[in-house]
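Every heavy atom of this structure was used, including side-chain atoms; hydrogens, water molecules and symmetry mates were not.
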Amino acid sequence: MNTANTANTANTANTATTENTAVVPRVLARAGDPADRLFRGSARTAGAGVLLIMTLVGVFLGGRALEALGDAGPAFLTTAAWEPDSHHFGIKAVLTGTVLIGAVAIVFAVPLAMGTALYITEYAPRRLKQTLISLVDLMAAVPSVVYGLWGLFLFQPSVVGLSRWLTTYFGWFPLFAVDGDAPHDPLSPNTYYTSSTFIAGMVVALMVTPIACSVMREAFAQAPPGEREGAFALGATPWGVIRSVVLPFGRGGIIGGTMLGLGRALGETIAVYLIISPVFAVQPHILQNGANSVSALIALRYGSASAFGMSALMAAGLALFTMTLVVNFIASSVVARSRSGAGADA
């Protein structure tokens, strides 16, 4: 009897020991490959460096803009005039012009970039794909001043007729109205339509198209081949495959490319500076002569600015910096929610 009790006690102790041992997780110590450790460290350093640089840029702009912001106060966002030496200045006009130029650029750039990306990935012959990719990427390497000179001397005279046509038939819409012009009068001068937000936005659209196209093209090219082949097997046409597989899979790339292009459009300087005729008043008529942007303002007034005027320009730059950061953060959140291929099976 005592032997049996002893055995039962021993079995119970062994079971308890086994259970206690089972709930203790095993610690795995793995040194890892040196190349992996080097890559991980390099990636972390690069990421931290980018954040550090962005923080330093914001701190620098904020420190230099502190004097002007303290003088202007909230009126800095609601004043259209730019007379810092008279302590009467604000970014209402230039900020509105920046947003309008960026919006016009995106309206033209997104369809062009998406169409080009779809043609390269879905329709272009294999022997031409790499050539087309190189040509599109080469457009991104063209200097801004070249686009500006081309837009000023070649593109602008050609697009004035389109601006007049839009005003003639759609002038009832406030954006397409032109103050002081009679579009039906053949003797009306073209100067009403030159150096406008519309022309500057179209030129900027050509500048941001290669960037947006590259992002969209990479997203479209990664659409799962299994779903492509399945759609073709069910009798889908190439457009049907694009609509049901490629575009849903590349939604994140479309959004990311659009927002990246918008960020470039908002900060474009030289091309806009060469084309527009600066006005320091809110100009809601995109076809009418006269426009402005934050970056063009800085380029225009930087060389002749006083110490206080320089602080005001830094405040304008801080506003543009903040706006582009907000756009990029919104783009990141949208892309994260609609990640390319989130609902697709590879």
Side-chain angles (χ1 to χ4, degrees), residues 53-54 56-58 60-62 64-65 68 76 80 82 84 89-109 139-156 159 194-212 258-283 286 289-306 309-328 331:
I53 292 173
M54 297 296 290
L56 291 177
V57 169
F60 169 77
L61 291 175
R64 295 292 300 271
F76 181 70
W82 188 263
F89 62 96
I91 60 170
K92 180 180 179 180
V94 293
L95 196 62
T96 303
T98 301
V99 173
L100 288 176
I101 291 174
V104 172
I106 290 302
V107 166
F108 285 98
M139 288 180 61
V142 177
S144 300
V145 66
V146 175
Y147 279 106
L149 293 173
W150 171 80
L152 178 63
F153 293 108
L154 183 62
F155 183 72
Q156 181 171 257
V159 81
T194 57
S195 303
S196 64
T197 300
F198 183 67
I199 296 174
M202 292 182 71
V203 173
V204 173
L206 293 179
M207 301 176 64
V208 305
T209 293
I211 300 174
T258 300
M259 292 299 182
L260 185 62
L262 178 59
R264 168 70 188 278
L266 292 176
E268 180 51 43
T269 304
I270 299 301
V272 175
Y273 175 72
L274 290 174
I275 293 171
I276 64 172
S277 177
V279 293
F280 292 96
V282 177
Q283 174 63 284
I286 63 174
N289 178 281
N292 216 330
S293 70
V294 175
S295 55
L297 166 68
I298 296 173
L300 177 66
R301 298 298 180 90
Y302 182 83
S304 59
S306 61
M310 186 63 67
S311 178
L313 291 178
M314 291 294 176
L318 179 63
L320 180 62
F321 178 76
T322 304
M323 184 169 60
T324 53
L325 280 183
V326 170
V327 169
N328 289 329

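Residues passing the side-chain hydrogen bond (donor to acceptor under 3.5 Å, both in side chains) test with T194, sequence neighbours excluded: N289. In this structure, the ring-ring contact (aromatic ring centres under 6.0 Å, His included) partners of F108, at least two apart in sequence or on a different chain, are F198. Every residue meeting the side chain to side chain contact (heavy atoms under 4.5 Å, CB included) condition with A305, not counting sequence neighbours, appears here in chain and number order: M310, L313. Checked against side-chain hydrogen bond (donor to acceptor under 3.5 Å, both in side chains), S306 has the following partners two or more places apart in sequence or in another chain: D85. By the side chain to side chain contact (heavy atoms under 4.5 Å, CB included) test, A103 pairs with no residue at all, sequence neighbours left out. Take A212 and apply the side chain to side chain contact (heavy atoms under 4.5 Å, CB included) test, not counting sequence neighbours, and it matches A113, M216. The side-chain hydrogen bond (donor to acceptor under 3.5 Å, both in side chains) check on S295 picks up S293, with sequence neighbours excluded. F155 is linked by a ring-ring contact (aromatic ring centres under 6.0 Å, His included) to W150, counting only residues two or more places apart in sequence or in another chain. Every residue meeting the side chain to side chain contact (heavy atoms under 4.5 Å, CB included) condition with L61, not counting sequence neighbours, appears here in chain and number order: V57, M314, L318, F321.
T269 contributes no side-chain N or O that, together with a main-chain N or O of A296, makes up a donor-acceptor pair within less than 3.5 Å. One N or O on the side chain of T98 and one on the backbone of V294 form a donor-acceptor pair closer than 3.5 Å. When atom types are taken as modelled, the side chain of S311 and the backbone of R64 share a donor-acceptor pair closer than 3.5 angstrom. A donor-acceptor pair under 3.5 Å links the side-chain atoms of N292 to the main chain of V279, judged by distance alone. No donor-acceptor pair closer than 3.5 Å links the side chain of Q283 to the backbone N or O of G97.
Here the shortest heavy-atom pairing between A80 and A93 reads O-CB, 3.7 Å. G102 approaches A265 most closely through the heavy-atom pair CA-CB, 4.0 Å. Minimum heavy-atom separation, A312 to W82: O-CH2, 3.4 Å. Considering all non-hydrogen atoms of both residues, F76 and A316 come closest at CZ-N, 3.7 Å.
Taken to the nearest 0.5 Å, the CD1 atom of I286 stands 11.0 Å off from the CD1 atom of I199. Rounding to the nearest 0.5 Å gives a distance of 7.0 Å between CD of Q156 and OG of S196. Atoms CD1 and CZ, from I91 and F89 in turn, are 10.5 Å apart once rounded to the nearest 0.5 Å. Note that CG of L149 is 11.0 Å distant from CG of L154, once rounded to the nearest 0.5 Å. Here the CG atom belonging to L95 is positioned 11.0 Å from the CG atom belonging to L297, to the nearest 0.5 angstrom.
Side-chain contact between V107 and V104: absent, with no pair of heavy atoms (C-beta onward) separated by less than 4.5 Å.
The side chain to side chain donor-acceptor pair (under 3.5 Å) analysis of residues 318-328, with sequence neighbours excluded, yields no pairs. The salt bridge (charged side-chain N to carboxylate O under 4.0 Å, His left out) pairs that include a residue from residues 262-273 are R264-E268, where partners are two or more places apart or lie in different chains.
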For residues 200-211, which side-chain donor-acceptor pairs fall under 3.5 Å, sequence neighbours excluded?
from : atom 1 : to   : atom 2 : distance (Å)
T209 : OG1    : A205 : O      : 2.6

